[in-house]
Amino acid sequence: MKLMAEKLLQGTDTVIEIEGFLKKLALQRPLRIKLGVDPTRPDLTLGHMVGFLKLRQFQELGHTAILLIGDTTARIGDPSGRSETRPALSEQEITQNTQTYLDQVFKLLDPEHTHVRYNSEWLAPLRFDQVLDLTRRVTMARILERDDFAKRLAAKQPISMVECLYPLLQGYDSVVLQADVELGGSDQLFNLMMGRRLQEDFGQAPQVVMTVPLLIGLDGTRKMSKSYDNYIALSDSPSDIFGKLMSISDTLMWDYYRLLLGTPAATLEALKNEEHPLLAKKQLAQSITERLHGNPAALQARNAFESLFTNRETPADMPEFSLATLGATTLLEALYATQLFPSKAALRRLMDQGGLKLNGSPVNDPRLILDPQQAPYTLQAGKRTFLRISP
RNA sequence: GGUGAGGUAACCAAGCGGCUAAAGGAUGCUGACUGUAAAUCAGCCGGUGUAAUGCCUUCGGGGGUUCGAAUCCCUCCCUCACCA
């Protein structure tokens, strides 16, 4: 029992409050653990993985995992960490995103024992007087305490009324779901606390709030997020996941070990002191890839990476483009036709800077003629884009 | 409702009649060095074009003044602050 609690608390950031948590555990019944995601974008990232893994732990111990899809709240947009109001999403986008979330999430959660709920279920039918009743329960001062809002206010940036409603709705979700524990990233603290407040107001025992640390993104500074484009998506291919992980800084690597693999501190120390950072990173990349795609795929990703970057070989399979429709044409036209490059100007730049190799040697003449007779050609653009031009 | 300040490249921010495709920063890309690490250095960073002091599109929207506008005028839309 004590062991169980320790394990669950491991790797968490803030828990409010621990006493309450221990009491809930002592109830000897499955607790209702809520984790919410808003389907605002098509992909889930390794950043989400941290929370899912924690949820999974609860699940493995026999507690009830509730995955809340915030299909209504997605229409508002969580103001967390935002310096401006989000653009509104269409219903269609939300439906699509939800589908991809569900496709990805069960790589990490046990589908048999996960309750998937949508907050539109109870938010959509609310009548206006019920909404009013909800808003009556919280004061403006309380809302404005929130760090994001305080900052925006100070920076003279707009805050819309609807954003103020966001924490209220998230809190209300907890009331409806009668959550015992709510998980979230550490930037969710305010929203999660709102759940406690509202539950008490509705005469329920307040949920335990448990936050997990935010994962820093590939840029090494900001949190991993789709909007910063510094992320690894759960749906990325094994070789992408592997490759992207290899590109993180050494300092960051230990965070990833800790948060994504749950590696204990002692093991980390040993790794740091005894293993070459490159090997440690490969190990990390392989383990995470394995977690998402299984062992064979992870191993293959590692081998491909090593032959490509360590041994500088050209990859075995690369996208292939045929000259059939174009006939003999210039290098520039052919490459542009692959749609792999944003513009012809971008291609010229690439060539000017020596970033384009044809059959292994740099080319800088955009007018070079590619002749189907001479095909196939092997092309490399930058470090990692390879393609084959066939007749 | 009143008063004042703003809206510039997918981000921040200068410019306030020609020399402005628009300074600077951040991000990104390419190259060198490496371990596709970090740090560092160099270059690039609207499109089109063999090339040019070429052409096209861009400074919230629309209209106007001018040989010429991001820069001046009119009008509309949006944001912020203070007062009520």
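FYI, side chains are in, hydrogens and waters are out, and symmetry mates aren't considered; it's all heavy atoms of this structure.
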Quote, to the nearest angstrom, the C1' distance that separates B/rU58 from B/rA21.
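B/rU58 and B/rA21 have their C1' atoms separated by 8 Å.
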
Can you tell me how far C1' in B/rU27 sits from the matching atom in B/rC44, rounded to whole Å?
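Their C1' atoms lie roughly 14 Å apart.
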
Please state how far atom [atom1] in [X] lies from atom [atom2] in [N], giving the value in whole angstrom units.
X        : N      : atom1 : atom2 : value
A/Leu252 : B/rA38 : CG    : P     : 11 Å
A/Leu340 : B/rC29 : CG    : C1'   : 15 Å
A/Leu350 : B/rG28 : CG    : C1'   : 14 Å
A/Asp255 : B/rA37 : CG    : P     : 19 Å
A/Leu218 : B/rC29 : CG    : C1'   : 16 Å

Return the nucleotide paired to [N]: Watson-Crick means purine N1 to pyrimidine N3 with N6-O4 or O6-N4, wobble means G-U with N1-O2 and O6-N3, both under 3.5 Å.
N      : answer
B/rA9  : none
B/rC82 : B/rG2
B/rG46 : B/rC56
B/rC41 : B/rG31
B/rA23 : none

Within 45° cone of A/Phe305 ring axis and under 6.0 Å: A/Arg302 NZ or CZ:
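Output no; distance or angle outside limits.
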
Mark up nucleotides 40-51 of chain B, 5' to 3', with B wherever a protein heavy atom is under 4.0 angstrom from a base atom, S wherever such an atom reaches only the sugar-phosphate, and - elsewhere.
---BSS-SSBSS

Just by distance, with hydrogens left out, do A/Asp38 and A/Tyr166 show a side-chain donor and acceptor under 3.5 Å apart?
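Yes - a donor-acceptor pair under 3.5 Å links their side chains.
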
Quiz question: by atom type and distance under 3.5 Å, do the side chains of A/Gln188 and A/Thr211 form a donor-acceptor pair?
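The answer is no; no qualifying pair exists.
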
Pairwise 5' ranking along RNA chain B for A/Leu278 and A/Gly382, keeping only the more 5' one:
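Taking each residue's closest nucleotide, the earlier one in sequence belongs to A/Gly382.
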
Contacts of A/Tyr101 that satisfy ring-ring contact (aromatic ring centres under 6.0 Å, His included) - sequence neighbours left out:
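Per chain and number, A/Tyr101 pairs via ring-ring contact (aromatic ring centres under 6.0 Å, His included) with no residue.
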
